[in-house]
Engineer: 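Pasting a structure below so you can have a look.
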2 protein chains.
Amino acid sequence: MNIGLASTRSGVSQRMIRHYERIGLVPPPARRDSGYRDYDERDVHRLRFIANARDLGFSVAEIATLLGLWEDRERASAEVKHLALEHIEALDEKIAKLQAMRATLNELAERCHGDERPDCPILSELANAAPSTDAELR
Amino acid sequence: MNIGLASTRSGVSQRMIRHYERIGLVPPPARRDSGYRDYDERDVHRLRFIANARDLGFSVAEIATLLGLWEDRERASAEVKHLALEHIEALDEKIAKLQAMRATLNELAERCHGDERPDCPILSELANAAPSTDAELR
DNA sequence: CCTTGACTCTAACATGATGTCAAGGTCCAT
DNA sequence: ATGGACCTTGACATCATGTTAGAGTCAAGG
């Protein structure tokens, strides 16, 4: 099947299918005489796997590992679970960071009148908070 | 003062200071005869403002607006607050997305034995979930 | 005065994941 | 055989940031 159909069926854009091929995440598919890429069900299945993993926020590097594990029927599920737990931790960190931002901003917004008056704690806080503090947050 | 000191004092890397200058987020500083950039307190203050806004997750475009509001002593605080509230909404969306990922992944991980056996719901789910579903999640 | 080390300059390339556009070839149904 | 839908590669764009390289500058100490 053509790349367009493989894209529709897998949920991976044509652009990204070609990209994954180029970076070696997926094997180069068969080619027709015309040069058109020719995908089979197995290829689409693999692409769908990738799309799902991406939707869970795994990076390409992690997906490469997951694909390897997926294709190795002998691997211990512990390995997979370990990767998943690590990724959950990473997600937790990102969530915590965003929540901290939200809390700070929300607190500032609550202290801002939000009317015609020009004074605003949001701006004055942005203008005055110490750089060292910020560095720590980063 | 030199860019190195301005960087330390503001918490913005030298790379990003030059970048912000190039994209017009900050005005070009004075130059010495040698060509070295020469910053004053006002410049550092502005950079610190930018660093703080970035730490709260504002994009460069949003920061440009905030800087404009900051430098306009007549503006209504309502404008600033509106921007902040919009940004809080954006943060909430990101947080919700990450939390959904986390929940899915956590549920899969809990159903994975995590031992020597090869069967693992994490991989089988990645392999089988429908692409349409994923598209919706995106 | 000269050397040395720390600092600065610009420009370019890299990251990660993705989009878009352009110029050209292919496929198929009418 | 023609038109429209599809495919090919390549290049440029995004966003914020890092890194590196080659070259110039500054200041302090011998």
Side-chain angles (χ1 to χ4, degrees), chain A residues 1-26 28-39 43-44 47 49-67 87 90 94 97-98 101 134-135 137-138, chain B residues 1-26 28-39 43-44 47 49-67 87 90 94 97-98 101 134-135 137-138:
Chain A
M1 81 188 80
N2 280 347
I3 195 172
L5 188 51
S7 169
T8 306
R9 299 257 298 265
S10 65
V12 178
S13 71
Q14 300 182 24
R15 175 71 175 78
M16 291 314 292
I17 293 178
R18 296 194 184 102
H19 179 64
Y20 291 150
E21 176 186 335
R22 168 181 287 252
I23 66 176
L25 185 63
V26 300
R31 294 280 186 148
R32 314 198 162 202
D33 289 349
S34 61
Y36 282 22
R37 289 175 178 79
D38 192 9
Y39 297 92
D43 293 321
V44 170
L47 288 170
F49 182 100
I50 293 172
N52 290 328
R54 281 232 44 81
D55 285 341
L56 287 178
F58 285 98
S59 69
V60 167
E62 288 170 319
I63 293 173
T65 307
L66 287 172
L67 272 175
H87 187 55
K94 279 188 199 170
K97 241 177 216 173
L98 291 175
M101 288 181 195
D134 305 323
L137 286 177
R138 268 183 237 120
Chain B
M1 82 188 79
N2 280 347
I3 196 172
L5 188 51
S7 168
T8 306
R9 300 256 298 265
S10 65
V12 179
S13 71
Q14 300 184 23
R15 174 69 174 80
M16 290 315 292
I17 293 179
R18 296 195 185 101
H19 179 63
Y20 292 150
E21 177 186 335
R22 168 182 286 252
I23 65 176
L25 185 62
V26 299
R31 295 277 187 150
R32 315 198 159 196
D33 288 349
S34 62
Y36 281 22
R37 289 173 180 77
D38 192 8
Y39 297 93
D43 293 323
V44 170
L47 289 171
F49 182 100
I50 293 173
N52 291 327
R54 281 231 46 80
D55 285 343
L56 287 179
F58 286 99
S59 69
V60 167
E62 289 169 319
I63 293 174
T65 306
L66 286 173
L67 272 175
H87 187 54
K94 279 188 197 171
K97 241 178 213 173
L98 291 175
M101 287 182 194
D134 304 323
L137 285 176
R138 264 182 242 121

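So that the names make sense, note that chain A is the first sequence line, chain B the second, and so on, each numbered from 1. This one's a predicted model, so the numbers in the text were calculated from it and none came from an experiment.
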Engineer: Considering non-hydrogen atoms only, spot the tightest contact between B:I23 and B:V60 and give its length.
Structural biologist: CD1-CG1, 3.7 Å

Engineer: For B:R37 and C:dC7, give me the distance from atom CZ to atom P, rounded to whole Å.
Structural biologist: 17 Å

Engineer: Map B:R54 and A:R31 onto DNA chain D by nearest heavy atom, then report which one ends up closer to the 5' terminus.
Structural biologist: A:R31

Engineer: Are the charged groups of B:R31 and B:E21 less than 4.0 angstrom apart, N to O?
Structural biologist: yes

Engineer: What are the atom names and distances for every N/O pair under 3.5 Å that joins the protein to nucleotides 25-29 of chain C?
Structural biologist:
{"residue": "C:dG25", "atom": "N2", "partner": "A:Y36", "partner atom": "OH", "Å": "2.6"}
{"residue": "C:dT26", "atom": "O4'", "partner": "A:Y36", "partner atom": "OH", "Å": "3.2"}
{"residue": "C:dT26", "atom": "O2", "partner": "A:Y36", "partner atom": "OH", "Å": "3.4"}
{"residue": "C:dC27", "atom": "OP1", "partner": "A:S34", "partner atom": "OG", "Å": "3.1"}

Engineer: For the side chain to side chain contact (heavy atoms under 4.5 Å, CB included) test, which of B:V44, B:I50, B:N52 pairs with B:S10?
Structural biologist: B:V44

Engineer: I'd like to check the side chain to side chain donor-acceptor pair (under 3.5 Å) partners of B:T65; sequence neighbours left out, ordered by chain and number.
Structural biologist: none

Engineer: With sequence neighbours left out, what residues match B:R18 under side-chain contact (heavy atoms from CB on, under 4.5 Å)?
Structural biologist: B:I3, B:Q14, B:R37

Engineer: Has the side chain of B:D38 got a donor or acceptor atom that lies under 3.5 Å from a matching backbone atom of B:A30?
Structural biologist: no

Engineer: Using the side chain to side chain donor-acceptor pair (under 3.5 Å) criterion, which residues pair with B:S59? Sequence neighbours excluded.
Structural biologist: B:E62

Engineer: Return the 5'-most residue of the pair A:L5, B:A61 with respect to DNA chain D, ranking by each residue's nearest nucleotide.
Structural biologist: A:L5

Engineer: Under 4.0 Å, heavy atom to any atom of DNA chain C: which of residues 15-25 of chain A qualify?
Structural biologist: A:R15, A:M16, A:H19, A:Y20

Engineer: In whole angstroms, how far is the P atom of C:dA6 from the CD atom of B:Q14?
Structural biologist: 15 Å

Engineer: List in chain and number order the residues that pass salt bridge (Lys or Arg N to Asp or Glu O under 4.0 Å) with A:R22, two or more places apart in sequence or in another chain; answer none if no residue qualifies.
Structural biologist: none

Engineer: Quick check on the helix from C:dC1-D:dG30 to C:dT30-D:dA1: what's the angle between its two end axes, five base pairs per end, to the nearest 10°?
Structural biologist: 30°

Engineer: Could you tell me the boundaries of the chain B footprint on DNA chain D, defined by atoms under 4.0 Å from its heavy atoms?
Structural biologist: D:dA16 to D:dC26

Engineer: Search all heavy atoms of B:I63 against all heavy atoms of B:R54 and return the closest pair with its distance.
Structural biologist: CD1-CG, 3.4 Å

Engineer: Which residues satisfy the side-chain contact (heavy atoms from CB on, under 4.5 Å) test with B:Y36, sequence neighbours excluded?
Structural biologist: B:N2, B:R32, B:S34

Engineer: Residues two or more places apart in sequence or in another chain: which of them pass ring pair (Phe, Tyr, Trp, His ring centres under 6.0 Å) with A:Y39?
Structural biologist: none

Engineer: What closest approach, in Å, do B:A51 and B:G11 show between heavy atoms, and which atom pair accounts for it?
Structural biologist: CB-O, 4.3 Å

Engineer: Tell me every residue that passes side-chain contact (heavy atoms from CB on, under 4.5 Å) with B:M16, counting only those two or more places apart in sequence or in another chain.
Structural biologist: B:V12, B:S13, B:H19, B:Y20

